[in-house]
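Hydrogens, waters and symmetry mates are skipped; everything else that's a heavy atom, side chains included, is used. The sequence lines fix the lettering, A, B, ..., with proteins before strands; numbering per chain opens at 1.
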Protein chains: 2
Amino acid sequence: MIRVLIVDDHTMFADGVSLLLANETQIEVTGKCTLGSHVMPFLQRTAVDIILLDISLPDVSGLEVCRRVREEFPRLNVIALSMFNQASYVTEMLQQGAKGYILKNTGKDELVRAIERVYAGEEFFSREVTETIMRDLMTRKEAENRAKSIPKISRREQEVLSLIVNEHTNQEIADVLCLSLKTVESHRSTLLVKLNARNTAGLVKSALAHALV
Amino acid sequence: MIRVLIVDDHTMFADGVSLLLANETQIEVTGKCTLGSHVMPFLQRTAVDIILLDISLPDVSGLEVCRRVREEFPRLNVIALSMFNQASYVTEMLQQGAKGYILKNTGKDELVRAIERVYAGEEFFSREVTETIMRDLMTRKEAENRAKSIPKISRREQEVLSLIVNEHTNQEIADVLCLSLKTVESHRSTLLVKLNARNTAGLVKSALAHALV
DNA sequence: AATCATTTAGGGTTTTATACTGAGTACCCC
DNA sequence: GGGGTACTCAGTATAAAACCCTAAATGATT
């Protein structure tokens, strides 16, 4: 008998899945939690083999719940149950120790299979999820390149840039930072080069795009 | 016997709710659809009293499905079933003829009550939903004010603004749009006033903030 | 018919920004 | 101690933008 805890703030969903699993003879739903903060207390008084854990919870995030559970109850396995097929969610969840990740738009059979597999010590992921991850790995390099392209701005330049974005003139910036007008112009010039901009418009765009302000 | 059709792209959820309702003697789930485009064909060959309709569907939106259903089968009643407790969704759904709106995080009892009430010709809304609507009505005026604060930019001004954001000088803009430099300067001045900006930086910020480009 | 916003354009002035070159100080790292 | 980078400031010059004014043609709205 595989003892399962369902953690999902959507009562209707939790109830539904619970009934879904009730038909399975080898699976027993021993509890349901609608809040992340209820999970740890529940586990302390009830034996559970597997947690079906929703990522988006109203109080504590599913990631956090997973981390705590894995810390306190290492033998307990977590299957993430999510609406979102996004690589970032999946990887984060796996880093927190989840053994499976299935989407809510998969059918009952796949859910049951996931529970059985994870209970047997294996991993289980929805086909869509694995595809997403593979795509993500393939495009990871682009992401890194994008990260590299983030310009390195010195502290002073950042200050100047911030004031530029806030619609201040060079003279005003010089006054605020107690600098010579020429110095501000100098910083501005290097910013134009570093951010590959032609003028103020480009500086502002870059600043906002790279969240440098 | 109340015949119910469940429309939700999350198979697991649909299956769960179906089982949830299977215990109710007066309710019969006659079908499940995972795509909006499957609803109309299904209704043409199967008798249904009430549709539990998810708003977010992968192909046709729940709003569109609701509209079509109400058009073709006026006697059929729709209960919107959504994760999102947002006034905009609720009002749109009601405008499309839905008779009820309940959240997925409500329990089984409320779902059953909603089905019975709507079947009896009444309306039914989750408590949270009605609260949201009331709050929305109260803050409607602020929303209007916010809408008013969105600057009204003329076509030409929008073109000029777009080129400004793309780091073009006034002379370049004049050349591209076949205008006099003075005309471009004129537009730029009015843009400064309309967008309440001091200089190019302000124009770019406003343009990006209000998605005017 | 009259009003209003838009689009167009000019003349003139002042303020800002950009370009280019050069240079002294300071700090960190090897 | 030398090499690199950041920070500071200067002069000269041009380009661009901002601010002041006016004003005519158009089109929509009332």
Side-chain angles (χ1 to χ4, degrees), chain A residues 144-213, chain B residues 144-213:
Chain A
E144 280 174 16
N145 291 344
R146 258 178 278 131
K148 271 180 193 167
S149 75
I150 292 176
K152 291 162 197 162
I153 305 294
S154 70
R155 242 166 289 146
R156 210 46 159 170
E157 286 161 355
Q158 198 275 332
E159 291 179 299
V160 173
L161 180 59
S162 181
L163 290 166
I164 290 173
V165 171
N166 285 328
E167 303 179 45
H168 293 289
T169 67
N170 287 346
Q171 187 57 61
E172 290 171 348
I173 296 171
D175 294 343
V176 171
L177 299 181
C178 295
L179 291 176
S180 158
L181 172 63
K182 277 296 174 185
T183 305
V184 178
E185 287 178 347
S186 176
H187 287 312
R188 196 172 189 131
S189 288
T190 57
L191 280 170
L192 284 175
V193 175
K194 284 187 178 179
L195 298 181
N196 194 30
R198 287 184 66 191
N199 52 30
T200 310
L203 290 181
V204 174
K205 273 205 302 177
S206 267
L208 297 179
H210 297 111
L212 299 175
V213 285
Chain B
E144 281 174 17
N145 292 346
R146 253 178 283 129
K148 272 180 192 167
S149 75
I150 293 175
K152 291 162 197 163
I153 305 295
S154 69
R155 243 167 288 142
R156 210 48 159 170
E157 286 160 354
Q158 197 276 332
E159 290 180 300
V160 173
L161 179 59
S162 181
L163 289 166
I164 290 173
V165 171
N166 286 329
E167 302 178 48
H168 293 289
T169 67
N170 287 346
Q171 187 57 61
E172 289 171 348
I173 296 171
D175 294 344
V176 171
L177 299 182
C178 294
L179 290 177
S180 158
L181 173 63
K182 276 296 177 182
T183 305
V184 177
E185 287 179 349
S186 175
H187 287 311
R188 194 172 191 130
S189 289
T190 58
L191 280 169
L192 284 174
V193 175
K194 284 188 178 181
L195 298 181
N196 194 30
R198 289 184 66 191
N199 51 31
T200 310
L203 290 182
V204 174
K205 273 205 302 177
S206 266
L208 297 179
H210 296 113
L212 300 175
V213 284

Base, sugar-phosphate, or nothing: which does B:Thr200 touch, judged by heavy atoms less than 4.0 Å apart? sugar-phosphate
Just how far, in rounded Å, is C1' of C:dA19 from CD of A:Glu185? 10 Å
Please report the distance, rounded to the nearest Å, between CD1 in B:Ile164 and P in C:dA17. 15 Å
Rounded to the nearest 0.5 Å, how far apart are CG of A:Leu177 and CD of A:Glu159? 5.5 Å
At less than 4.0 Å, is any side-chain N or O atom of A:Arg188 found next to OP1 or OP2 of C:dT18? Yes or no. yes
Nearest-0.5 Å distance, CG of residue B:Leu191 to OG1 of residue B:Thr200: 11.0 Å
OP1 or OP2 of C:dT8 versus the side-chain N and O atoms of B:Thr183: is any pair under 4.0 Å? no
Quick check on D:dA10: is either OP1 or OP2 less than 4.0 Å from any side-chain nitrogen or oxygen of A:Ser180? yes
Distance (rounded to the nearest 0.5 Å) between B:Leu179 CG and B:Gln171 CD: 11.0 Å
Whole-Å distance between D:dG11 P and A:Leu181 CG? 11 Å
Look at A:Arg156 and D:dT8 and indicate whether a side-chain polar atom (N or O) is within less than 4.0 Å of OP1 or OP2. yes
Which nucleotide, C:dT7, D:dA6, C:dT16, lies nearest any side-chain atom of A:Ser154? D:dA6
Short question: side chain of B:Ser162, backbone of B:Gln158 - any donor-acceptor pair under 3.5 Å? no
Nearest to side-chain heavy atoms of B:Asn170, which nucleotide of C:dT7, D:dC7, D:dA17: D:dA17
Please report, rounded to the nearest Å, how far the C1' atom of C:dT18 is from the CG atom of B:Asn199. 15 Å
Starting at NE2 of A:His187 and ending at P of D:dT5, how long is that distance when rounded to a whole Å? 17 Å
I need the CG-C1' distance between B:Leu192 and D:dA16, as an integer number of Å. 14 Å
Assuming nearest nucleotide by heavy-atom distance, tell me which of A:Ser189 and A:Ser186 is located more 5' along DNA chain C. A:Ser189
Separation of atom CZ in A:Arg155 from atom P in D:dT8, rounded to whole Å: 11 Å
Pick base, sugar-phosphate or nothing for A:Leu179, based on heavy-atom distances below 4.0 Å to the nucleic acid. sugar-phosphate
Measure the distance from NZ on A:Lys182 to P on D:dC7 and round it to the nearest whole Å. 19 Å
